[in-house]
Amino acid sequence: MVDYLSTIEKGLIIENPKIVLPWNLQKKELFDKFKDINTVNENYYTIKIVLAGINFVNCAGLHFEKEKLTQIDLFDDTNSCTETAVGKIFDSNQSVLENLLGKPTRNKLLEKLKEVDKQYKWQFGHITIIHKLWDRFGIEEVLKVYINS
């Protein structure tokens with residue numbers, strides 16, 4: 001099992017391609033480190049990845065501001081689960097994350113009309129990881145890494 005916490009101050013351990021994605025990644029370095037980059041716009045790129053122990057993620061969306069990495073969206077681009085199953089799957093995925101990252105620093109359950117959002121947050125120095133379930137265009141599971149300068 002990969003010890004994500006051992007490198008949390010330096011970057012994200014990616015199993016395939018085998019690399020530690022540095023939090024201070026500059027946009028110009030992206031193309032040296034990865035092949036098969038999908039350009040969504042001039043500040044957002046997606047790459048296929050494998051994270052050891054986190055099998056519900058197969059893609060990373062990299063957000064850049066002023067040429068510097070500021071946020072990573074981790075997601076499954078083949079996700080095809082139904083809205084009724086997503087809550088149970090989310091809870092299972094949360095257990096996986098807690099085994100790897102420890103207990104979250106915040107557990108928030110909000111109820112709004114017919115919408116239920118669950119949000120778990122970890123804070124590691126200048127890195128914030130948020131795992132949440134929300135209703136944007138249907139129920140969606142989100143795993144985000146924020147790099148706070």
(message) Using side chain to side chain contact (heavy atoms under 4.5 Å, CB included), reason through Q119 and H131 one step at a time and then give a plain yes or no.
(response) CA-CA 6 Å; Q119 178 172 292; H131 183 221; over 6 Å; no

(request) Determine yes or no for a side-chain-to-main-chain donor-acceptor pair under 3.5 angstrom, with E9 supplying the side chain and G11 the backbone. (result) no

(message) Nearest 0.5 Å, please: how far is CD in E141 from CD1 in I89?
(response) 8.0 Å

(request) Side-chain contact test, heavy atoms from C-beta onward, threshold under 4.5 Å: evaluate it for L97 versus Y120 and give yes or no. (result) no

(message) Let me check something: do I37 and F75 share a hydrophobic cluster, defined by ILVMFWY side-chain heavy atoms less than 4.5 Å apart, either directly or through other members?
(response) no

(request) Count the heavy atoms of every other residue, nucleotide or ligand shown that sit under 6.0 Å from CG of D32, and state whether that count exceeds 12. (result) yes

(request) Mind checking the CG-NZ spacing from L74 to K144? Nearest 0.5 Å is all I need. (result) 9.5 Å

(message) According to a hydrophobic-cluster definition based on side-chain heavy atoms being under 4.5 Å apart (Ile, Leu, Val, Met, Phe, Trp, Tyr only), do F34 and V50 belong together?
(response) no

(message) I'd like to know if V96 and F124 are part of one continuous hydrophobic network [Ile/Leu/Val/Met/Phe/Trp/Tyr, side-chain heavy atoms within less than 4.5 Å].
(response) yes

(request) Measure the spacing between OG1 of T128 and NZ of K121 and express it to the nearest 0.5 Å. (result) 5.5 Å

Sequence neighbours left out, cut at 3.5 Å: what donor-acceptor pairs do the side chains of residues 53-66 make with other protein atoms?
{"residue": "N58", "atom": "OD1", "partner": "D77", "partner atom": "N", "Å": "3.0"}
{"residue": "N58", "atom": "ND2", "partner": "D76", "partner atom": "OD1", "Å": "3.3"}
{"residue": "N58", "atom": "ND2", "partner": "D77", "partner atom": "OD1", "Å": "3.0"}
{"residue": "H63", "atom": "NE2", "partner": "D73", "partner atom": "OD2", "Å": "2.6"}

(request) Find out if a path of hydrophobic residues (ILVMFWY) with successive side-chain heavy-atom gaps under 4.5 Å connects L100 to I72. (result) yes

(message) If you apply the rule side chain to side chain contact (heavy atoms under 4.5 Å, CB included), what do you find for L12 with W23, and how did you get there?
(response) CA-CA 8 Å; L12 177 66; W23 302 130; 3.7 Å; yes

(request) Determine whether L69 and Y44 fall in the same hydrophobic cluster, where Ile, Leu, Val, Met, Phe, Trp and Tyr are linked whenever their side-chain heavy atoms lie under 4.5 Å apart. (result) no

(request) Kindly indicate whether the side chain of P104, heavy atoms from C-beta on, has any atom under 4.5 Å from the side chain of Q94. (result) yes

(message) Can you confirm whether I47 sits close enough to D36 that some side-chain heavy atom of one is under 4.5 Å from a side-chain heavy atom of the other?
(response) no

(request) Begin with the C-alpha distance, continue with both residues' side-chain angles, and end with the deciding distance and a verdict on side chain to side chain contact (heavy atoms under 4.5 Å, CB included) for I14 and L51. (result) CA-CA 5 Å; I14 299 176; L51 298 176; 4.0 Å; yes

(request) Might you point out which heavy atoms bring L133 and F90 nearest each other, and give the distance in Å? (result) N-CE1, 3.7 Å

(request) Quick one: pull up CG in L21 and CD1 in I13 and give me the separation to the nearest 0.5 Å. (result) 11.5 Å

(message) Working note: N93 + L143, criterion side chain to side chain contact (heavy atoms under 4.5 Å, CB included); need CA distance, chi angles, decisive distance, verdict.
(response) CA-CA 10 Å; N93 293 345; L143 182 59; over 6 Å; no

(request) To the nearest 0.5 angstrom, please state how far the CG atom of N43 sits from the CD atom of E67. (result) 7.0 Å

(message) Using a 3.5 Å distance criterion without hydrogens, assess whether the side chain of W122 forms a donor-acceptor pair with backbone atoms of I127.
(response) no

(request) Taking K27 for its side chain and E42 for its backbone only, find out whether a donor-acceptor pair lies under 3.5 Å. (result) yes

